[in-house]
Protein chains: 2
Amino acid sequence: MDVTCDLNAQATIEDCRREMAAQAARHGHTIHLAQGSPVYFNGDPAREVYCVQKGALRLSRLLCDGRRQILSFAFPGEVIGLAHDGTHHTDCEVLNDAVLSVLPTGRFAAIAHADPALASAMLRLAAQEMHDMQGHLVLLGQKSAIERLASFLALLGGRAGAASAGWVCFDLPMSRTDIGDYLGMSVETVSRAMTRLRVAGLVHLPRPDRVCLSDLAALTGFAEGEAPAPARYAA
Amino acid sequence: MDVTCDLNAQATIEDCRREMAAQAARHGHTIHLAQGSPVYFNGDPAREVYCVQKGALRLSRLLCDGRRQILSFAFPGEVIGLAHDGTHHTDCEVLNDAVLSVLPTGRFAAIAHADPALASAMLRLAAQEMHDMQGHLVLLGQKSAIERLASFLALLGGRAGAASAGWVCFDLPMSRTDIGDYLGMSVETVSRAMTRLRVAGLVHLPRPDRVCLSDLAALTGFAEGEAPAPARYAA
DNA sequence: CGGGCAATTGAGTGATGTCAACGAGGGTGG
DNA sequence: CCACCCTCGTTGACATCACTCAATTGCCCG
């Protein structure tokens, strides 16, 4: 499902995020959470929605036997906590020390009811989120290990330094284990793929938790399968 | 992102679907499409939203080199075509001869603006869809081939015969290739997994395109990793 | 009856998971 | 301040699951 709100077709996604953040700031309150804190767990009643102001969150789901899939990492500007049935079906934890705007679900619904612009913005954000999830599905279903990691780094790189033509550098707030659980592969495979990307010259790692990209476009192209997948990572 | 609309917290997802379908029927028009027809392609302007009344649709995304990921199959009651930026980023085609309610995007937005209940219902449907996609992410990222197929058949079985305790039977409107592209595995692996489930007694196949489940709960349990994955399919 | 497509099955290969060892960094306690 | 330990990341060796290539069967349709 993809959705357009023609009402504010001129508005950017960023505008929608700001709209949500402004409403949350006005009608809700702000909390600070330390690294590792849970925001909510699977099964908790969904009483609040959250706008990330600072830091990063990790949303995940577990299988009975402990396998974990990370569904997304939430960065500043993103909204989380909407549930279709009043209950959370994911775990949400703080990666980095985080600042969140908290808006009780009921109040959110009331405001959205009174203000079509907010409902519209929220719908737009939901559509954007679904689009991102579709990319994640393609990644997990079709891409090789090295393409998955390239996609992930390109995604983060795009967030970090959208327009800059030169080097794009950013920190990784999550562990290799988290990356593995996001990309559907083992820690060891993440590490090996990282090494291959480094050797191929597509990424530079000043520290294990810091990434520098000399050519984001090349990395993105590789991640999207422009080069025949098997041939490229012979390097 | 999970979202609750407390406004109509008592309303079921089905109610939301009916609400959307009713609005689409009142303000839009109805079309019939033959098997194999495209509804829209990646890159097309998102001018309309669609409610599936009859038949089944296939939403997919392609990589440059032809790899295809099927994002979802849409069945009666589901709404598709919402886009975050006015453009479709998926291909949508008809699996079965289908009947769709078509509602121009602009008119949808206008109605949603005037009627908070519709906006609320749509947001609810979006949250449900995100929940389903999360399940798909877990499937692709964490499950073995046989667990993936079991999950898929259990999902369809749940749709087909929700409450019935006895046998649940249904037709598969899609090919093995489609199933493979949905589950992120090759046709051959789909076929082998199907054979293993059949031999294990979890499914019965009167015809290749018809499935009968004697114990939906057992299949679901297996699909969710209740039994240690490797041990179970020794049978 | 013959052709073509879909599904299944077999054989062999290859990518990724598992198990294990090693080194680096950071925190704690002596 | 230093020593120790624990965790994280990396790398190697090996096992295994799933993919590729290939052949066969059955069905639908001409």
Side-chain angles (χ1 to χ4, degrees), chain A residues 34-36 63 65-69 95 139-150 152-153 171-199 203-211 225 228-235, chain B residues 35-36 63 65-69 95 139-150 152-153 171-199 203-211 225 228-234:
Chain A
Q35 182 171 13
L63 258 42
D65 58 4
R67 282 175 282 178
R68 183 181 67 157
Q69 177 65 41
L95 270 185
L139 182 154
L140 292 176
Q142 303 299 326
K143 295 183 184 178
S144 68
I146 194 166
E147 287 171 326
R148 293 183 199 198
L149 185 61
F152 179 65
L153 296 178
D171 288 320
L172 292 173
M174 70 293 286
S175 69
R176 293 290 192 271
T177 301
D178 285 340
I179 298 175
D181 286 350
Y182 179 81
L183 299 177
M185 53 205 237
S186 67
V187 193
E188 294 91 332
T189 302
V190 172
S191 195
R192 281 185 245 274
M194 194 73 91
T195 300
R196 294 223 299 261
L197 288 176
R198 184 164 41 76
V199 170
V203 309
H204 178 62
L205 295 168
R207 296 193 312 271
D209 63 339
R210 184 162 180 83
V211 177
R232 187 63 167 267
Y233 44 95
Chain B
Q35 182 170 13
L63 258 41
D65 58 4
R67 281 175 282 179
R68 181 182 69 156
Q69 178 64 42
L95 270 184
L139 182 153
L140 292 176
Q142 302 299 327
K143 294 184 184 176
S144 68
I146 194 166
E147 286 172 327
R148 293 183 198 197
L149 185 60
F152 178 65
L153 296 178
D171 288 320
L172 292 173
M174 70 292 287
S175 69
R176 292 290 191 271
T177 302
D178 284 340
I179 297 175
D181 286 350
Y182 179 81
L183 299 177
M185 53 206 239
S186 67
V187 192
E188 294 92 330
T189 302
V190 172
S191 195
R192 280 185 245 274
M194 194 72 92
T195 299
R196 293 223 298 260
L197 288 176
R198 184 164 41 77
V199 170
V203 310
H204 178 63
L205 296 167
R207 296 193 312 272
D209 64 339
R210 183 162 182 82
V211 177
R232 186 64 167 266
Y233 45 95

Legend entry - Smallest separation among heavy atoms of B/Asp171 and B/Pro173, with atom names: O-CD, 3.3 Å
Legend entry - N or O in side chain of B/Ser144 less than 4.0 angstrom from D/dC17 OP1/OP2: no
Inset, instruction - Would you kindly give the CD-to-C1' distance between A/Glu188 and C/dA15, to the nearest whole Å? - result: 14 Å
Inset, instruction - May I have the distance from B/Glu147 (atom CD) to D/dC17 (atom P), rounded to whole angstrom? - result: 12 Å
Legend entry - Per B/Arg176 side chain, nearest of listed nucleotides C/dT8, D/dT10, D/dT20: C/dT8
Legend entry - For the student: nearest non-hydrogen atoms of A/Ala193 and A/Met185, plus distance: CB-CE, 4.3 Å
Legend entry - Reported OG-to-CG distance for the pair B/Ser175 and B/Asp209, which is rounded to 0.5 angstrom: 11.0 Å
Inset, instruction - Just compare C/dA7, C/dT18, D/dT10 and give me whichever is closest to any side-chain atom of A/Val187. - result: D/dT10
Inset, instruction - Measure the distance from CD1 on B/Ile146 to P on D/dT16 and round it to the nearest whole Å. - result: 17 Å
Legend entry - B/Asp209 CG - C/dT8 C1' separation (whole Å): 15 Å
Inset, instruction - Mind checking B/Gly184 for me? I need base, sugar-phosphate or nothing, with any heavy atom below 4.0 Å counting as a touch. - result: sugar-phosphate
Legend entry - Side-chain-base donor-acceptor pair under 3.5 Å for A/Arg192 and D/dG12: yes
Inset, instruction - Indicate, with a heavy-atom threshold strictly under 4.0 Å, whether A/Ser191 touches base, sugar-phosphate, or nothing. - result: base
Inset, instruction - Mind calculating the distance between CE (A/Met185) and C1' (D/dT16) to the nearest angstrom? - result: 18 Å
Legend entry - Donor-acceptor under 3.5 Å (A/Gln142 side chain, B/Arg68 main chain): yes
Legend entry - Rounded distance in Å - CD (B/Gln142) to P (D/dA18): 13 Å
Inset, instruction - Verify, without hydrogens or angle tests, whether B/Arg148 (side chain) and B/Lys143 (backbone) share a donor-acceptor contact under 3.5 angstrom. - result: yes
Inset, instruction - Check the distance between D/dG9's C1' and A/Met174's CE and give it to me in whole angstrom. - result: 16 Å
Inset, instruction - Ignoring the backbone of B/Arg198, work out which of C/dT18, D/dG9, C/dT9 is nearest its side chain. - result: C/dT9
Inset, instruction - Please state how far atom NZ in A/Lys143 lies from atom P in C/dA15, giving the value in whole angstrom units. - result: 19 Å
Inset, instruction - Indicate whether OP1 or OP2 belonging to D/dC19 is found under 4.0 Å from a side-chain N or O atom of B/Thr189. - result: yes
